[in-house]
Amino acid sequence: MSIADNIKSLKKETVPIKVTLIAVSKTKPAEEVQEAYDAGQRLFGENMVQELVEKYEQLPKDIQWHLIGHLQSNKVKYIAPFISMIQSVDSLKLLQEINKHALKSNRVIDCLLQIYIADEETKFGLGFDEAIELLRSHEFAALKNIRIRGLMAIATNTDNEKQLKDEYYELKIFFDGIKQSFFRKDDNFNTLSMGMSADYKLAIEQGSNMVRLGSTIFGQRVIKHWKNN
Ligand SMILES: *Cc1c(COP(=O)(O)O)cnc(C)c1O
């Protein structure tokens, strides 16, 4: 099936209207992003800053770009002028850096806190306690050019459905608690980004309202990293 067909069938069959679909275009050439764009897709996710910036420059300006990969503080400046959402915020220090560059660009940048839920040592993210500590801090309260829109997580890379379900369930409970404790009056805190190609149906069942799909839309990725940056 073509990229356009894949997007259409996802929207028709498995991704409900209330769930936002992020097309993860990492490693894929700009022509393929354009194909998805021509099929009506406007939200795209990338995990490398340099690749993201190059695609931003080449492609239509009404694309909303989401950064979904680990972000180093010294690279924030390259994306701050245009990024639509940074889903991978995993420290207060990074959030402060994003705030600083957002201010310079005269913007408020939407962010998700990335929460560590996987049973693996390689995944980035804040632990539940660390996220709470961050949200309670005076330093966080002082940041006026970022807006926390919700939480993001990557589950364990496993076929074990019970484990995936448990991880996503736990994150949904945590999300509801954070909403209640810190964002009760803030309608902007409304995004729970969980689910990738292998497990998005399960994630949606557990309360996800944003899924990040790469291979389901664009086919398998041949190379893992398009370029090192
Ligand atoms: C690559 C990636 C995805 C998409 O993965 P697929 O399995 O191709 O759907 C989603 N989220 C993050 C954070 C990624 O790095």
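Everything numeric in this text was worked out from a predicted model, so none of it was measured. Order of appearance sets the numbers: ligands from 1, and atoms from 1 within every ligand.
- Identified under the side-chain hydrogen bond (donor to acceptor under 3.5 Å, both in side chains) test for residues 194-203, with sequence neighbours left out: Thr14-Tyr200, Tyr168-Asp199, Ser197-Ser215, Ser197-Thr216.
- Near ligand 1, residues Val24, Lys26, Ile68, Ile154, Met196, Ser197, Arg212, Leu213, Gly214, Ser215, Arg221 come within 4.0 angstrom through at least one heavy atom.
- Cation-pi geometry between Arg149 and Phe189 is not met at under 6.0 angstrom from the ring centre and within 45 degrees of the axis.
- By the ring pair (Phe, Tyr, Trp, His ring centres under 6.0 Å) test, Tyr78 is found to be paired with no residue, residues two or more places apart in sequence or in another chain being considered.
- Ser193 places no side-chain N or O within 3.5 Å of a backbone atom of Met152 that could act as its donor or acceptor partner.
- No side-chain donor-acceptor contact under 3.5 Å links Gln180 and Asp176.
- Taking the ring pair (Phe, Tyr, Trp, His ring centres under 6.0 Å) definition, one finds that Phe128 meets it with Phe174, sequence neighbours left out.
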